[in-house]
Amino acid sequence: MPLPPVDPASVAPPPPSAAERQAATAALAERITANLNPEQARAVTTTDGPLLILAGAGSGKTRVLAHRVAYLVGVKGVRPWQILAVTFTNRAAGELRERIVALIGESAGKDVQAGTFHALCARVLRRDGEAIGVRRNFVVYDTDDQQALMKQILGEEDIEAKGATRPAAILGRISRAKNEMVDPTAIDDFIPVTGGRVAIARLATRYQERLERAGALDFDDLLLAAVRLFDAAPEVLARYQDRWRYLHVDEYQDTNRPQYLWIKALAAKHRNLAVVGDDDQSIYGWRGADIRNILDFERDYPDATVVKLEQNYRSTQLILDAAHAVVSRNKARTDKKLWTANDGGNSIRRYEAYDEDDEAEWIARRIEDLTGGRGSILTRKADDVDGTVRPLEIAVMYRMNAQSRAIEEAFLRYGIRYQIVGGTRFYQRREVKDALAYLRVLRSDSDVVSFERIINVPARSIGEKTIQALRGAAGREGLSTWDAVQAAIAGTHGLDVLASRTRNALTDFGILVKRLRARVGVLPLPELLDEVLEASGYRAMLADGSEEGEERWANLLELRAVTTRYDDLSPEDALDRLLEETALVADQDSYEGEADAVTLITIHAAKGLEFPVVFIAGLEEGVFPTSRSIDAEREMPPRLEPMEEERRLAYVGITRAKRRLYVTHASRRVFRGMGQLSVPSRFLVEIPAELMEGPLLVEGEGAAGPLDLDFVFGRNRGGRLIGGVRPGGGAYRQGSGRPGAPADGDFRPSRDLAARRGAFAAGAPSGSLASPGGGAVSAWDDDDAADAAYAAHLDDEPGRAPGRPGAPTTAGSRPPRPIVPGERRFRDGDRVRHPRFGGGIVVTSKLTRSDEEVTVVFTDPTVGRKTMLASIASLELA
DNA sequence: TGACGTCGTGTTTTT
DNA sequence: CACGACGTCA
């Protein structure tokens with residue numbers, strides 16, 4: 001702990017007696033554990049030896065970690081820098097550090113080593129990597145860089161890059177081998193191509209050679225090299241073992257083999273290893289995470305103390321019940337159940353949308369209600385959160401980034417502030433990568449990928465042919481890329497065939513780089529960046545008056561702002577740090593908890609976050625769970641792990657919600673430009689009906705029903721079943737009996753599209769529901785049955801039964817709503833069509849003396865929001 | 001060489 | 001749809 005400076009003039013107090021010191025420490029220990037439950041306290045005070053903390057979602061594990069560090073420092077007298085905390089994301093590391101600082105103060109807190117595996121390994125390698133031949137100034141190649149490199153190799157090997165020979169696909173196989181710690185240059189893995197087969201080992205060999213020559217490590221190599229270093233250089237390992245005596249690993253269930261071995265090596269000497277994790281939240285299997293690492297912890301460390309944190313402080317019991325109902329279907333998991341002292345909570349609200357735009361609109365309207373926004377139909381407080389929620393308390397989560405687009409568009413139309421986390425990551429934007437590539441070129445002669453990235457950006461007439469000549473010469477003559485450029489300028493090393501025009505261009509480029517290099521270490525980093533952008537002509541290139549150029553320039557200014565963060569370092573160190581950190585930082589870390597905006601985020605990226613209100617969109621078979629997991633399940637023999645991982649992902653998503661959860665799905669969705677019909681996700685079905693408004697399960701039609709359907713997804717008006725989902729995942733549909741219409745039978749949702757269309761046309765849309773009132777209702781109408789009932793209740797409209805009797809029986813058509821004098825013809829949420837303005841949705845509608853005033857938000861953004869009189873505008877229900 | 005159009009193709013999640 | 005590969009023309 002920091003001590004106040006000693007004033008020599010003052011009389012030093014007598015040193016405290018041993019007894020006094022002991023009492024003070026005990027008091028501190030008391031204070032640290034005061035606000036913890038007994039299990040949390042045990043996790044905090046069990047400081048020595050291996051410790052496994054099984055921490056369920058929302059059980060306060062970050063709290064435990066932070067308090068544990070405080071306890072180590074304050075009570076056990078451990079020096080802050082002897083404590084290592086490894087997290088999975090930079091954001092988690094930052095949060096943890098913040099919490100620690102809050103507990104033990106800035107000066108001690110900042111010395112605690114907290115970071116991701118990748119960042120820590122990079123740091124270790126930067127310092128000691130030379131022992132295994134890793135250059136001190138290595139660069140980290142991200143996915144883009146790797147692909148650029150692999151593309152080169154495929155070109156040289158004359159392999160057509162498509163399908164399984166796409167750079168990404170090949171790199172995926174190489175990465176998988178590395179994650180399993182199999183040497184990719186020696187694997188027996190081939191891709192069949194027309195007229196032969198491609199050996200992955202050969203491409204991997206080339207790839208590793210290139211990385212080596214470029215002085216680069218990819219993400220996987222960062223971990224592998226760090227493990228290799230500890231293995232090959234015991235004295236280096238010993239140094240780190242003695243420095244980091246108290247080890248903590250967060251999200252242990254997500255560690256892969258190299259990470260496991262790295263931490264195991266570090267822990268081998270002092271054995272003070274505390275790992276925190278939850279097998280139910282293991283969602284990175286596709287990246288090599290090995291759930292066995294946590295399941296086998298007790299086998300690895302037989303003397304381990306095991307603490308289970310099962311009290312949840314985040315969510316309502318209802319939300320926990322829903323989450324548990326889903327995840328407990330998994331076979332591979334340790335049995336456990338979270339509980340909470342929080343109240344029961346609101347039902348989960350479900351909405352079946354017509355398509356993704358309708359889904360997005362519905363979410364936007366719900367958010368208006370929740371926040372009391374301008375279009376809100378709620379004037380009364382209907383439950384604990386409605387009308388009182390701030391945008392920052394809301395998150396919309398989805399399975400894949402592509403889903404955010406429709407939601408963004410709706411938010412734009414509704415004027416809802418939002419922030420997107422993830423997606424196109426900032427440091428992956430072209431202009432940002434270009435600028436960073438310039439900076440990397442200033443630091444390295446050999447970074448081919450960066451050289452090739454910028455050598456002709458902005459255009460300086462150095463084309464593909466020239467680049468290939470340079471590359472060829474570098475390979476042939478063993479030159480660095482920079483030396484190859486010099487050789488081309490001088491016309492040596494067989495590079496004397498280039499036209500004088502290109503030689504001039506190269507000369508100019510060489511002068512530019514030299515000039516900029518002379519400024520490194522002289523100019524402060526932000527000014528160096530200015531100089532780079534100016535001298536290279538990059539700024540001029542963007543200043544073409546286009547909107548795009550402006551946007552890109554704005555991004556570069558943002559990058560410039562980042563460079564000012566390293567003001568306290570020397571310009572040279574600042575540059576190196578920038579390059580290091582930008583390679584290892586994802587945009588996930590850009591999540592701003594403070595901005596008053598709705599958060600749009602993938603479930604993966606949302607892990608570790610919590611929100612009072614959560615929407616999960618796109619709960620459809622094929623989207624969530626993904627079609628890949630469904631395909632895997634259908635393989636012979638079936639592979640069940642992908643589906644179990646999807647289920648865990650659903651669990652993670654649900655448990656992000658503190659008070660209110662909304663789940664949505666669409667009955668049709670445009671995917672890669674093509675409309676697809678969708679069936680509700682099995683995860684929706686797995687949530688017990690009584691926890692949801694708008695139950696999916698129809699009574700008496702469960703798995704044991706006569707048709708052996710997992711659930712029924714629709715009935716026609718007569719209450720006749722129109723289809724359902726088979727236990728194996730296939731779908732069943734009932735024929736309409738009409739001539740020409742398909743007959744009863746099974747079909748496969750993801751393959752037999754024609755059959756699905758048949759099912760769709762046969763009776764009713766896929767999402768028809770039995771309403772709470774018992775009548776049949778078509779949910780692609782607009783709001784689902786529960787929603788309609790809810791709205792009816794709020795509107796206090798007599799004679800409006802829930803579920804809107806008289807629902808259509810034929811897809812696409814809709815009975816006209818009768819015009820009743822003195823009664824509103826349009827209701828909030830109605831989809832309408834206007835001859836000139838196209839389709840839209842009614843936002844508000846109110847009766848005037850003699851007419852009805854309808855406000856409609858049209859789908860066409862150029863039309864926007866319009867208020868019109870129902871008697872004049874030829875507005876029709878769509 | 002570079003600008004521009006057409007065609008084909010693939011799609012999760014991220015350090 | 002959105003992006004990259006490839007072909008054509010200036």
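- Phosphate proximity of B/dT14 to A/Thr602: present, with a side-chain N or O under 4.0 Å from OP1 or OP2.
- In this structure, the nucleotide among B/dT14, C/dA2, B/dT15 sitting nearest to the side chain of A/Arg405 is C/dA2.
- Residues A/Tyr207 and A/Ile170 fail the side-chain proximity criterion, which asks for heavy atoms closer than 4.5 Å.
- Here A/Tyr260 and A/Trp262 keep their ring centres 6.0 angstrom or further from each other.
- To the nearest angstrom, P of B/dT15 lies 9 Å from CZ of A/Arg91.
- Using a 4.0 Å heavy-atom criterion, one finds that A/Phe88 contacts the sugar-phosphate atoms exclusively.
- Here the side chains of A/Leu222 and A/Leu584 are in contact, with some heavy-atom distance below 4.5 Å.
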Grab the N/O contacts between the protein and nucleotides 2-9 of chain B below 3.5 Å, and write none if there aren't any.
unit_1 : atom_1 : unit_2   : atom_2 : d
B/dG2  : OP1    : A/Ser461 : N      : 3.0
B/dG2  : OP2    : A/Asn456 : ND2    : 3.3

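- In this structure, A/Arg552 and A/Arg430 have side chains that are in contact, with non-hydrogen atoms separated by less than 4.5 Å.
- In this structure, CE of A/Met400 is placed 17 Å from P of B/dG10, rounded to the nearest angstrom.
- For the pair A/Arg460 and A/Phe509, the cation-pi test (distance below 6.0 Å, angle within 45°) is failed.
- When the C1' atom is used for both B/dT13 and C/dG4, the distance is 23 Å, rounded to whole Å.
- The shortest distance between the side-chain N/O atoms of A/Ser629 and the OP1/OP2 oxygens of B/dT13 is not below 4.0 Å.
- Atom CD in A/Glu356 sits about 11 Å away from atom C1' in C/dC1, given to the nearest Å.
- Using cut-offs of 30° and 60° on the angle between ring planes, the pair A/Phe230 and A/Tyr240 is tilted.
- Here B/dT14 is the nucleotide among B/dT14, C/dC1, B/dT15 with the atom lying nearest to any side-chain atom of A/Ala605.
- Relative to the side chain of A/Trp286, the nucleotides B/dT1, B/dT15, B/dT13 differ in distance, and B/dT13 lies closest.
- For the pair A/Arg430 CZ and C/dC3 P, the interatomic distance rounds to 10 Å; values are reported in whole Å.
- At the phosphate of B/dT15, neither OP1 nor OP2 sits under 4.0 Å from any side-chain N or O atom of A/Asn90.
- Ranked by how close their nearest DNA chain B nucleotide is to the 5' end, A/Thr466 and A/Phe219 are led by A/Thr466.
- Along DNA chain B, the nucleotide closest to A/Ile283 and the one closest to A/Thr502 are compared, and the more 5′ of them pairs with A/Thr502.
- Separating the CD atom of A/Glu409 from the P atom of C/dC1 is a distance of 10 Å, rounded to the nearest angstrom.
- No side-chain heavy atom of A/Ser450 sits under 4.5 Å from any side-chain heavy atom of A/Val139.
- Taking only side-chain nitrogens and oxygens, A/Lys151 comes nearer than 4.0 Å to OP1 or OP2 of C/dA5.
- Between A/Asp218 atom CG and B/dT14 atom C1' there is a gap of 14 Å when expressed in whole angstrom units.
- Computed from coordinates, the A/Lys607 NZ to B/dT15 P distance equals 11 Å when rounded to whole Å.
- The CD atom of A/Gln676 sits 15 Å away from the P atom of C/dC1 (whole-angstrom rounding).
- Centroid-to-centroid, the aromatic rings of A/Phe88 and A/Tyr284 come within less than 6.0 Å.
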